[in-house]
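Data block below; observations after.
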Amino acid sequence: MDDRSPPAANGAPPAADRAAVPLDAVAVLFHDAPLAIYLRAPGGAFLEVNRAMAQLFGYDAPAHYLEAMAASPDQHYLDPESRRTILEDLATAGQVTGRQYQALGRDGFVLWVEEAARLVENGADEHYYFGYLRDITAEKSTKWALTEAEEKYQAIFVHAVEGLFQMTPAGRFVTVNDALSTMLGFASAAALTGDPEAAVRLFVDDEDRRHLGRDLETEGTVRALEAELRRADGSHIWVSIHARAVRDGNGQVVLHEGSMVDVTERRMSQEQLRESLARTRRLFHQTVTSLSKTVRYRDPYTAGHQDSVARLATAMARHLGLSDHESAGIRVAGQLHDIGKIVVLVRYLCKPGRLVGLEWEFMRQHAQAGYEILKEIDFPWPVAEVVWAHHERLDGSGYPRGLTEAAIPLGARILAVADVLDAMASNRPYRPALGVAAALDELARHRGTGFDAAAVDAARAVIRDGLIRY
């Protein structure tokens, strides 16, 4: 008969074999284990700890830790209540798991630990508690940081003045703050997120919504997109939208999140300003036209001549590459360039023959007179100076001041060419029209000497291209 014990049902060695494990091997396993392990008496006194337990609390050896704990009634527990509840639960339930509390280490440093323990009994009817501790300080710090960040984000989200949102690409609001729901006229944020079609119906022009989605899909961000939205009560507002696309791990857009700011008042102010500027611009041009027409009552030819010169000079300025603003200034100067003739006697203005002697001297005064009439008007261009110099010539042979080359404003050089071309190509009180070809030939003869070369070329180009016709 074989009296050897059979193997245990779970495959573990027989009890006799397990008992044969040397005690010194058990001691090595206990003391060298990387986890902080302890044995303690039912009253709570620590009987034995391993090296990891001692090092966890800043002690060099288990004996130093045991000595320190024996001298401290609260042991390593920062809050004595934690120690009391753990010992009570061990006494009543025989075990504790996952108890987290703050502990006090050597030299006063504080750490967070998680403790688990259970009741162990031996054959001599003795019992004690076997347990282990785990350092969770880093986990707590990370959790606190995340919690703090989340709380700060939530506070910013809730209390932000601008409307904040998260929206699916299909157009349903997932999260909105109270500022956005109020802006859009909804009773609450829940009323806005609870309506699956709210985001789609908001946009007065659905192209704005599609534009937002396309840009977020392709570019990832949208900045200052202004769109007209429909509030819950049917009224309209304008908003400026800043948003970004949130993508999943595969790069697919899963959310649109961003902010909306009500810019209705600014848009209205801008529209009112545009209307005001348009009225001012119309009034300005009406005033210029009225000034130009004042000469008509004394000399009908001059009024028509000014309009023709203005059109020709403007076309030349554009051909020369001048800006719209500069071209507009030349047009105004052209409309007013002969306004000084209001001081010239009618018999000289309408004389059928050439002017001679003092008659010509009186006529030459119109450039200076035009300057005196216009110089007090605060034009956005040097209109008075251009009018003053439109009879000057590059070689100094012009009037009234005999200016030369660079001293003559560019606008006046353009106007001088346009004035001569229109005068020769049109009927005058003292002769019939000489024709455009004769005018261009005359300008060509004095190109670069009396007249600005580029201005002469520009006049020829706009006539050739049919921009101005006679």
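Any value given below was found using the heavy atoms of this structure, including those in side chains, with hydrogens, waters and symmetry copies removed.
Formation of a donor-acceptor pair under 3.5 Å by the Arg413 side chain with backbone atoms of Ala455 is not found in this model. The backbone N or O of Ile136 sits nowhere less than 3.5 Å from a side-chain atom of Glu139 that would complete a donor-acceptor pair. Here the side chain of Gln102 pairs no donor or acceptor atom with the backbone of Val110 at under 3.5 angstrom. Without hydrogens or angle criteria, Asn50 side chain to Leu35 main chain gives a donor-acceptor distance under 3.5 Å. No donor-acceptor pair closer than 3.5 Å links the side chain of Thr182 to the backbone N or O of Ala179. Judged purely by atom type and a 3.5 angstrom limit, Asn177 uses its side chain to pair as donor or acceptor with the backbone of Glu162. A donor-acceptor contact shorter than 3.5 Å links the side chain of Asp135 to the backbone of Thr137. With hydrogens and angles ignored, the 3.5 Å screen pairs a side-chain donor or acceptor of Arg231 with a backbone N or O of Met183. A donor-acceptor distance shorter than 3.5 angstrom exists from the side chain of Arg230 to the backbone of Arg201, with no hydrogens or angles considered. Panel note: side chain Glu392, backbone Arg401; a donor-acceptor pair is recorded below 3.5 Å.
The CD1 atom of Ile468 sits 5.5 Å away from the CG atom of Leu312 when rounded to the nearest 0.5 Å. How far CG of Asp178 is from OG of Ser181: 5.0 Å, rounded to the nearest 0.5 Å. Here the NE2-CG distance, from His319 to Asp465, works out to 7.0 Å after rounding to the nearest 0.5 Å. Rounding to the nearest 0.5 angstrom, the gap separating the CZ atom in Arg247 from the CG atom in Leu216 is 8.5 Å. Between atom CH2 of residue Trp112 and atom CG of residue Leu78 there is a gap of 9.0 Å, rounded to the nearest 0.5 Å. In this structure, CG in Asp422 is found 10.0 Å from CG in Asp307, a value given to the nearest 0.5 Å.
Asp452 has its side chain out of reach of Ile414: every pair of non-hydrogen atoms, C-beta onward, lies at least 4.5 Å apart. Counting heavy atoms from C-beta outward, Leu394 and Phe451 have side chains that stay 4.5 Å or more apart. When side chains are defined from C-beta on, Met260 does not count as touching Val176, because their heavy atoms never get closer than 4.5 Å. Arg274 is listed as a side-chain neighbour of Glu271, based on a closest heavy-atom distance under 4.5 Å. No side-chain heavy atom of Phe165 sits less than 4.5 Å from a side-chain heavy atom of Leu192. With a 4.5 Å cut-off on side-chain heavy atoms, Asp74 and Leu104 do not count as touching. The closest side-chain heavy-atom distance from Ile86 to Tyr129 is not below 4.5 Å. Side-chain contact between His325 and Pro380 is present, with at least one heavy-atom pair separated by less than 4.5 Å.
One finds a salt bridge joining Glu207 and Arg210 here, because a Lys/Arg side-chain nitrogen approaches an Asp/Glu carboxylate oxygen to under 4.0 Å. At a threshold of 4.0 Å, the pair Glu115-Arg99 does not count as salt-bridged, since none of the basic side-chain nitrogens sits closer than that to a carboxylate oxygen. Contact check on Arg209 versus Asp206 returns a salt bridge, with a Lys/Arg side-chain nitrogen under 4.0 Å from an Asp/Glu carboxylate oxygen.
Residue pairs that meet the ring-ring contact (aromatic ring centres under 6.0 Å, His included) test with at least one member in residues 199-253, sequence neighbours left out, do not exist here.
In this structure, Gly340 and Ala369 approach most closely via the heavy-atom pair O-CB, 3.7 Å. The two atoms that bring Ala416 and Arg393 nearest to each other are CB-NH1, 3.6 Å, heavy atoms only. Smallest separation of non-hydrogen atoms from Ala333 and Leu415: O-CD2, 4.0 Å. The minimum heavy-atom distance between Gly171 and Ala199, with the atom names listed, is O-CB, 2.8 Å. Of all the heavy atoms in His76 and Met69, the pair that sits closest is N-SD, 3.4 Å. When all heavy atoms of Ala310 and Arg331 are compared, the pair lying nearest together is CB-O, 3.5 Å.
Within a 6.0 Å sphere centred on CD of Glu275, other residues, nucleotides and ligands contribute more than 12 heavy atoms. Residue Tyr101 qualifies as enclosed at atom OH: its count of foreign heavy atoms under 6.0 Å is above 12. Within a 6.0 Å sphere centred on CD of Glu67, heavy atoms belonging to other residues, nucleotides or ligands number 12 at most. More than 12 heavy atoms of other residues, nucleotides or ligands shown are found within 6.0 angstrom of CZ on Arg84.
Side chains of Gln100 and Glu114: a donor-acceptor N/O pair is present below 3.5 angstrom, by distance only.
Residues that satisfy the ring-ring contact (aromatic ring centres under 6.0 Å, His included) test with Tyr65, not counting sequence neighbours, are Phe46, Phe57, Tyr59. Not a single ring-ring contact (aromatic ring centres under 6.0 Å, His included) links Phe186 to another residue, sequence neighbours left out. Listed by chain and number, the residues in a side-chain contact (heavy atoms from CB on, under 4.5 Å) with Glu219 amount to none (sequence neighbours excluded). Residues satisfying the side-chain contact (heavy atoms from CB on, under 4.5 Å) criterion with Asp248, sequence neighbours excluded, are Asn250, Gln252, Val254.
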**Asked** Could you walk me through whether Leu90 and Leu119 pass the side-chain contact (heavy atoms from CB on, under 4.5 Å) check?
**Response** CA-CA 7 Å; Leu90 281 171; Leu119 177 67; 5.8 Å; no
**Request:** Go through the steps to decide whether Ile241 and His256 satisfy the test side-chain contact (heavy atoms from CB on, under 4.5 Å), and finish with yes or no.
**Result:** CA-CA 11 Å; Ile241 302 173; His256 300 162; over 6 Å; no
**Working for side-chain contact (heavy atoms from CB on, under 4.5 Å), residues Ile37 and Phe30** = CA-CA 7 Å; Ile37 304 172; Phe30 179 84; 3.4 Å; yes
**Message:** side-chain contact (heavy atoms from CB on, under 4.5 Å) for Arg318 and Val462? Distances and angles first, verdict last.
**Reply:** CA-CA 10 Å; Arg318 289 173 178 159; Val462 298; over 6 Å; no
Would you give me the side-chain donor-acceptor pairs under 3.5 Å for residues 382-391, sequence neighbours excluded?
unit_1: Trp388; atom_1: NE1; unit_2: Gln368; atom_2: OE1; d: 2.8
unit_1: His390; atom_1: ND1; unit_2: Val387; atom_2: O; d: 2.6
unit_1: His391; atom_1: ND1; unit_2: Tyr399; atom_2: OH; d: 3.4
unit_1: His391; atom_1: NE2; unit_2: His366; atom_2: NE2; d: 3.3
unit_1: His391; atom_1: NE2; unit_2: Tyr399; atom_2: OH; d: 3.3

